[in-house]
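Numbers here simply count residues along the sequence, with the first being 1. Note that the structure is a prediction, hence the values are computed from the model and not measured.
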Amino acid sequence: MASDAMPTVAGLSIQSVSTEVSNYPNCYPAFNPIDKYRAHVAELVAEATGLEAAFVYPRIQWTNMLEKGDLILPVPALQIKGKKPQELAAEIASKFPKSDLIEPPVVVGAHLQFFYSHKPLTQYVIRSILENKDAYGSNANVGLRDQKDPSKGRKKVVVEFSSPNIAKPFHAGHLRSTIIGGFISNLYTVLGWDVLKANYLGDWGKQYGLLANGYEKYGSEEELLKDPINHLFEVYVKINQDVAAQEGPIKALKEQIKAKKEKNEDVEELEKELAPLVDVSYDEKARRYFKSMEDGDEKALALWKRFRDLSIEKYKQTYARLNIEFDVYSGESQVKEESLKASYKAMESAGVSESSEGAVIIDFTKHGAKKLGKAIVIRKDGTPLYLTRDIAAIVERDDKYHFDKMIYVVAAQQELHLAQLFKATELVGKKDLASRCEHVSFGMVRGMSTRKGTVKFLNDILKDVGEKMHEVMQKNPAKYEQIQDPVATADVLGITSVMVQDMSGKRINGYEFNLDNMTSFEGDTGPYLQYAHARVCSVTRKAEIKPEELGGADLSLLTESHAIDLIRLLAQWPDVVFNASKTLEPCTILTYLFRMTHTLSSGYDVLKVVGSEPELKMARMALYESARQVLHNGMRLLGLNPVQRM
Ligand code: ARG
């Protein structure tokens with residue numbers, strides 16, 4: 001068994017590469033105790049049926065109800081002709097060789113259920129957890145380019161997530177992208193991929209010309225340094241109010257002109273009246289300012305860069321509270337002029353783009369993608385759009401990072417945008433690049449607001465939920481008094497509350513942002529999960545046994561059904577992690593953790609530690625320590641900070 005854990009990556013440990021090569025796909029007995037069983041069952045089924053074990057292996061499924069067995073085989077999947085599946089199942093069971101590792105199979109309809117024999121299972125699983133510790137469930141082999149030749153290196157994934165817009169609110173879409181993207185990055189890390197975390201900021205466009213003008217009028221150097229994110233937002237709101245106030249008269253004049261033109265009347269007077277209004281308008285000034293930025297005016301760029309740098313500094317601090325650190329802060333501003341030009345050329349020469357009323361568009365309906373409609377790629381005034389920059393950036397990133405996969409974690413509202421991006425990439429002849437990219441989408445959060453009003457920034461949300469959590473904790477004075485630093489604990493629990501609420505359902509489902517529900521200790525909430533962890537930590541503390549001693553425990557003493565069920569669940573952890581890499585759903589992990597904690601907590605009365613005989617005490621502690629470890633690993637994978645006491 002591989003025991004030397006690799007150095008930690010982003011605070012997560014990964015198990016080192018194993019040179020043991022198996023005959024079956026994705027089978028790593030050195031990391032995953034269950035793979036040993038799967039291989040064993042496949043070989044026994046092969047013996048009983050005459051089929052190839054390699055054919056049987058991928059057809060063995062895992063179950064998520066322990067009553068249904070640990071592994072299950074739907075007999076029709078074996079594709080044996082000429083017999084009814086039920087009869088066949090019974091026949092295979094009757095011919096099934098005896099095994100030390102598993103009980104004789106149970107036939108239920110057309111299924112064969114396999115249950116692990118308790119004794120060897122207990123040994124494998126607990127030893128594996130105690131040896132691998134933080135790295136149990138991780139597997140650096142999965143990310144290898146070539147399973148047989150580790151020197152070929154690891155696969156690389158770019159995860160683009162969070163991506164807020166400077167001077168604008170950090171809304172629920174950004175919150176979810178941050179949480180889900182952080183999780184996906186961790187997941188690929190523990191599966192041995194090289195992960196590059198990218199934040200693609202909204203940091204370019206006419207609005208930053210407007211912001212600069214606003215700053216001239218309303219800005220304060222002191223406020224900017226103190227709280228750049230809030231200050232820039234305030235400035236932005238104020239200058240937008242000015243724009244709105246100017247807009248009325250301009251709009252009215254424009255309408256009059258239009259009406260007169262339709263009647264073929266003279267509009268010279270009105271146009272004379274309009275011109276100066278437009279000329280001094282903030283909107284026009286913003287346009288000009290932004291033009292100067294695009295033209296490389298150093299002064300204009302220096303101010304913009306300060307706004308950007310100061311905002312990034314603040315973002316970094318907030319992301320750190322969620323255990324997230326980006327490798328790159330890119331953004332719309334960072335897409336190079338040459339890349340844009342190259343993509344215009346590629347679209348044109350592939351016959352993908354066409355001119356339309358002075359602008360350049362892609363009419364996807366003409367290229368076999370009816371649902372994608374049409375999209376402008378170059379405005380009448382020659383400027384690119386959000387989509388255009390993405391079309392250029394995707395190629396830039398491929399050239400720069402040579403990734404095997406790139407994941408965009410963006411709200412479902414941008415489904416069309418990403419579909420257009422991938423299609424456009426395909427249409428310019430980069431089918432392979434498009435196929436390496438994936439949109440990981442998610443639904444909306446409803447009603448995300450602080451108690452004082454609508455929420456604007458991530459920090460406000462975290463602060464608010466921390467305060468709420470503190471109040472909830474104070475309702476239990478006896479417990480509250482035992483906590484060393486209640487405010488800090490409330491802060492961590494608060495963050496856990498938000499994250500667990502977010503990760504509880506399938507990504508695509510939206511949810512109601514509900515402070516009361518998420519901070520409750522009842523139900524499958526963040527505080528409950530932390531409590532489950534803190535409780536098992538306290539058992540460990542009270543037992544006063546050193547972790548090193550646990551290796552000598554006599555595990556055959558673990559015979560109660562509570563203990564066995566818990567071990568069977570702990571055995572599933574590496575499979576759960578691997579399965580999550582297919583679903584990319586945080587709830588795959590979370591649902592498992594809650595199941596495991598329920599089993600753990602229902603066992604406390606039966607599996608007592610204090611007062612038990614020393615040998616039994618030691619064996620049970622090995623079990624509790626294993627459960628603690630898996631809970632810890634799961635919480636870390638989700639990006640949570642497990643607390644020791646609360
Ligand atoms: N900044 C964008 C927004 O707030 C999200 C960026 C998504 N990523 C991308 N490559 N388009 O809507």
Side-chain angles (χ1 to χ4, degrees), residues 5-14 134-135 138 140 143 154-166 170 173-203 228-229 308-334 393 397 400-401 403 405-410 440 442 457-463 466 488 491-492 494-496 498-500 502-503 526 577 580-581 584 586 589 632-643:
M6 297 223 331
T8 59
V9 182
L12 298 159
S13 302
I14 60 173
D134 286 2
S138 78
R154 304 199 226 162
K155 289 190 252 183
K156 179 160 198 172
V157 61
V158 174
V159 188
E160 186 224 271
F161 64 107
S162 198
S163 307
N165 305 319
I166 287 172
F170 189 104
H174 300 126
L175 175 72
R176 292 210 77 186
S177 173
T178 310
I179 294 173
I180 296 167
F183 160 69
I184 291 177
S185 308
N186 291 344
L187 182 63
Y188 276 98
T189 301
V190 301
L191 292 178
W193 286 58
D194 261 340
V195 180
L196 186 114
K197 287 169 273 178
N199 198 326
Y200 184 71
L201 297 172
D203 58 358
I229 292 188
R308 184 179 194 269
D309 290 348
L310 289 169
S311 300
I312 290 177
E313 266 331 294
K314 279 284 156 194
Y315 287 138
K316 280 186 183 165
Q317 290 168 15
T318 310
Y319 290 133
R321 300 179 62 193
L322 304 177
N323 296 314
I324 290 169
E325 199 179 334
F326 284 94
D327 300 294
V328 262
Y329 282 85
S330 85
E332 292 170 40
S333 70
Q334 307 298 302
R397 293 184 199 173
K400 190 163 174 187
Y401 304 123
F403 52 77
K405 196 178 175 90
M406 175 154 66
I407 294 174
Y408 292 79
V409 188
V410 186
V440 168
F442 52 82
F457 299 107
L458 181 53
N459 248 340
D460 303 325
I461 309 163
L462 299 185
K463 185 163 172 264
D491 197 55
V492 175
I495 291 172
T496 310
V498 175
M499 292 178 67
V500 166
D502 194 272
M503 301 192 285
V577 177
S581 73
L584 297 183
I589 302 291
H632 170 97
N633 295 2
M635 291 174 78
R636 294 290 303 150
L637 180 57
L638 294 173
L640 306 171
N641 282 330
V643 301

*With distance as the sole test, does Asp203 use its side chain to make a donor-acceptor pair with the main-chain N or O of Ile166 at under 3.5 Å?*
no
*Measure the CZ-CG distance between Arg321 and Leu462 for me, rounded to the nearest 0.5 Å.*
5.0 Å
*Distance-only, no hydrogens or angles: does the Ser13 side chain make a donor-acceptor pair with backbone N or O of Ala135 under 3.5 Å?*
no
*Looking only at non-hydrogen atoms, find the nearest pair between Gly639 and Asn323 and report the distance.*
O-ND2, 3.0 Å
*side-chain hydrogen bond (donor to acceptor under 3.5 Å, both in side chains) against Thr178, all qualifying residues, sequence neighbours excluded*: Ser162
*Rounded to the nearest 0.5 Å, what separation is found between the CG atom of Leu12 and the CG atom of Asn186?*
4.5 Å
*Contact summary for Phe442 and Gly173, nearest pair of heavy atoms*: CZ-O, 3.2 Å
*Is the side chain of Thr496 donor-acceptor paired with the backbone N or O of Gly526 at a distance under 3.5 Å, no angle test?*
no
*side chain to side chain contact (heavy atoms under 4.5 Å, CB included) involving Asp309 - partner list, sequence neighbours excluded*: Lys305
*Just say parallel, tilted or perpendicular for the rings of Tyr319 and Phe326, cut-offs at 30° and 60°.*
perpendicular
*Please examine the side chains of Lys463 and Asp491, heavy atoms only from C-beta on, and report whether any two atoms are closer than 4.5 Å.*
no
*Return the minimal non-hydrogen interatomic distance between Tyr329 and Arg308, and the atom names on each side.*
O-NH2, 3.4 Å
